[in-house]
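Order of listing sets the numbers, starting from 1, for every ligand and every atom in it. Quick caveat: nothing in here was measured; it's all calculated off a predicted structure.
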Amino acid sequence: MTRYAKIIGTGSALPAKALSNGDMVALLATKGIETSDEWIVERTGIRNRHFIEDGQYASDLAFAACESALGAAACKIADIDLIIVATSTPDMVFPSTATILQRKLSEAAVARGEPSGAGSAAFDVQAVCSGFIYGLTVADAMIKVGSARRALVVGAEVFSRILDFNDRTTCVLFGDGAGAVVLEACEHEGQGPGILSTDIHADGKYTPILCVPGWVAGGQVTGDPTLKMDGQAVFKLAVGVLEDAAKTALARAGMSTQDIDWLIPHQANIRIMQGTARKLKLPLSKVVVTVDQHGNTSAASIPLALDHAVKQGQVQPGQTLLLEGVGGGFTWGAVVVRM
Ligand code: ACO
């Protein structure tokens, strides 16, 4: 018998406010900056994104995604002993967004007459757009060694808060959102269902090509608190490292791309996704694409796309998925999971 971390529920949440490319054209025009629907669609595949309202935070999106994932898993927050939130846009410097999320989920549960989830482990992982892959990897390891039985792994981001709306090369690319999965320990003969393999990496020398170089000191934000990116450098690096991580994760699972039913990549840019699928010799019909609707939601993009594919009936029980992400740091990784 092998112990696995099985996905028993998925959920996601998007802010109500949607902005089409036309809305972005109008917004940037108020600053005297030109962009166009054609440029954005041709270079990125993005048509729409969602932005959070003032007074809302990553934990609010995470809360809605988790309530939905817990419902799908027929679990209560009191059944969860580990919460991992992948985010680069936390509510506060500290405490972690995961602990804020635990409180919100517990308060809602208690208001419904259910037990609280207080006492579970809860922490954030910060690996930018690879954060959900990192979070799944940590949760899988903790479940395998028996230090957790049921985990919520969440990607939640409000990148609209860290965009420079005077920089057309970045502000049209990102959106806000959250996605979540419930993992449960289970034991079977054979391969899964559950997480079959993981592979994560980082190389800190690439910090300058994608970063938010601000920090808090002496009660002031010092440095620039908005996203800076060398898009072409990121693009070139992304396709290569995603191919490497995918191949390593597949080899660890004893699989080839032929065994994959769906590739669910980080949704940054349709051209990066097409390039990776081509290198892995996977047809585009096997790639889950939501970047057109959500833009790049960083750590939220993979669980958002997964939940979308589950709700659409694309992803079915028994199918094998290859999840992969790349982001600031540079960080990258892949997970093979059987549903
Ligand atoms: N509207 C109109 N024109 C624009 C815009 C815009 N929004 N942005 C840039 N341009 C112009 C540029 O100024 C440039 O004009 P010029 O030729 O007169 O100088 C021209 O378009 C081409 O610019 P490039 O930067 O060469 O465009 P490119 O084809 O490389 O596309 C892009 C840019 C979309 C950013 C691309 O490089 C890319 O997707 N890179 C990867 C980004 C990514 O995936 N980031 C997320 C990583 S994950 C994370 O951790 C956040």
Side-chain angles (χ1 to χ4, degrees), residues 19-49 58 86-89 125-135 155-177 200-204 206-213 226-242 245 265-276 289-292 294-302 304-305 323-334:
L19 284 94
S20 67
N21 288 346
D23 295 326
M24 289 303 286
V25 171
L27 177 66
L28 296 200
T30 63
K31 296 165 182 295
I33 296 170
E34 266 184 52
T35 188
S36 66
D37 177 51
E38 295 71 29
W39 191 96
I40 301 171
V41 172
E42 191 193 313
R43 305 281 175 138
T44 72
I46 297 166
R47 294 177 186 277
N48 191 62
R49 77 283 290 145
T87 188
S88 304
T89 46
V125 296
Q126 219 282 34
V128 199
C129 303
S130 315
F132 184 72
I133 297 292
Y134 269 63
E157 299 280 20
V158 288
F159 262 50
S160 61
R161 299 264 160 81
I162 54 166
L163 296 176
D164 176 357
F165 287 95
N166 291 306
D167 176 8
R168 68 178 180 174
T169 68
T170 54
C171 72
V172 299
L173 305 177
F174 295 91
D176 302 337
I200 53 172
H201 299 274
D203 189 341
Y206 293 110
T207 299
I209 66 170
L210 182 53
C211 60
V212 177
T226 60
L227 185 145
K228 307 291 164 223
M229 181 171 72
D230 175 347
Q232 289 192 1
V234 168
F235 197 111
K236 279 185 203 137
L237 204 60
V239 178
V241 296
L242 286 173
H266 169 46
Q267 309 280 317
N269 180 314
I270 190 70
R271 292 187 297 146
I272 294 179
M273 291 155 67
Q274 289 165 339
T276 315
V289 177
T290 55
V291 69
D292 54 328
H294 306 153
N296 179 347
T297 57
S298 187
S301 90
I302 297 171
L304 250 172
L323 316 178
E324 56 170 22
V326 59
F330 234 57
T331 58
W332 64 97

Taking the inter-plane angle between the rings of Y206 and F330 on a 0 to 90° scale, is it parallel (under 30°), tilted (30 to 60°) or perpendicular (over 60°)?
-> perpendicular
What residues, two or more places apart in sequence or in another chain, satisfy side chain to side chain contact (heavy atoms under 4.5 Å, CB included) together with N48?
-> A18, S20, H50
With the criterion set at N/O pairs under 3.5 Å, what does the list of contacts between the protein and ligand 1 look like, atom names and distances included?
from     : atom 1 : to   : atom 2 : distance (Å)
ligand 1 : 1 (N)  : T35  : OG1    : 2.7
ligand 1 : 3 (N)  : W39  : NE1    : 3.4
ligand 1 : 7 (N)  : T35  : OG1    : 3.1
ligand 1 : 7 (N)  : R168 : O      : 2.9
ligand 1 : 13 (O) : R168 : NH2    : 3.1
ligand 1 : 21 (O) : W39  : NE1    : 3.0
ligand 1 : 26 (O) : Q232 : NE2    : 2.5
ligand 1 : 27 (O) : R43  : NH1    : 3.2
ligand 1 : 29 (O) : R43  : NH1    : 2.7
ligand 1 : 29 (O) : R271 : NH2    : 3.4
ligand 1 : 30 (O) : Q232 : NE2    : 3.4
ligand 1 : 37 (O) : G231 : O      : 3.3
ligand 1 : 39 (O) : N269 : ND2    : 2.4
ligand 1 : 40 (N) : G231 : O      : 2.9
ligand 1 : 50 (O) : G328 : N      : 2.9

Where the side chain of S301 meets the backbone of H266, is there a donor-acceptor pair that is under 3.5 Å apart?
-> no
With sequence neighbours left out, write down each residue that passes side-chain hydrogen bond (donor to acceptor under 3.5 Å, both in side chains) with D37, or none if nothing qualifies.
-> N21
Donor-acceptor under 3.5 Å (Q267 side chain, P265 main chain) = yes
Taking only residues two or more places apart in sequence or in another chain, which ones pass side-chain hydrogen bond (donor to acceptor under 3.5 Å, both in side chains) with T297?
-> none
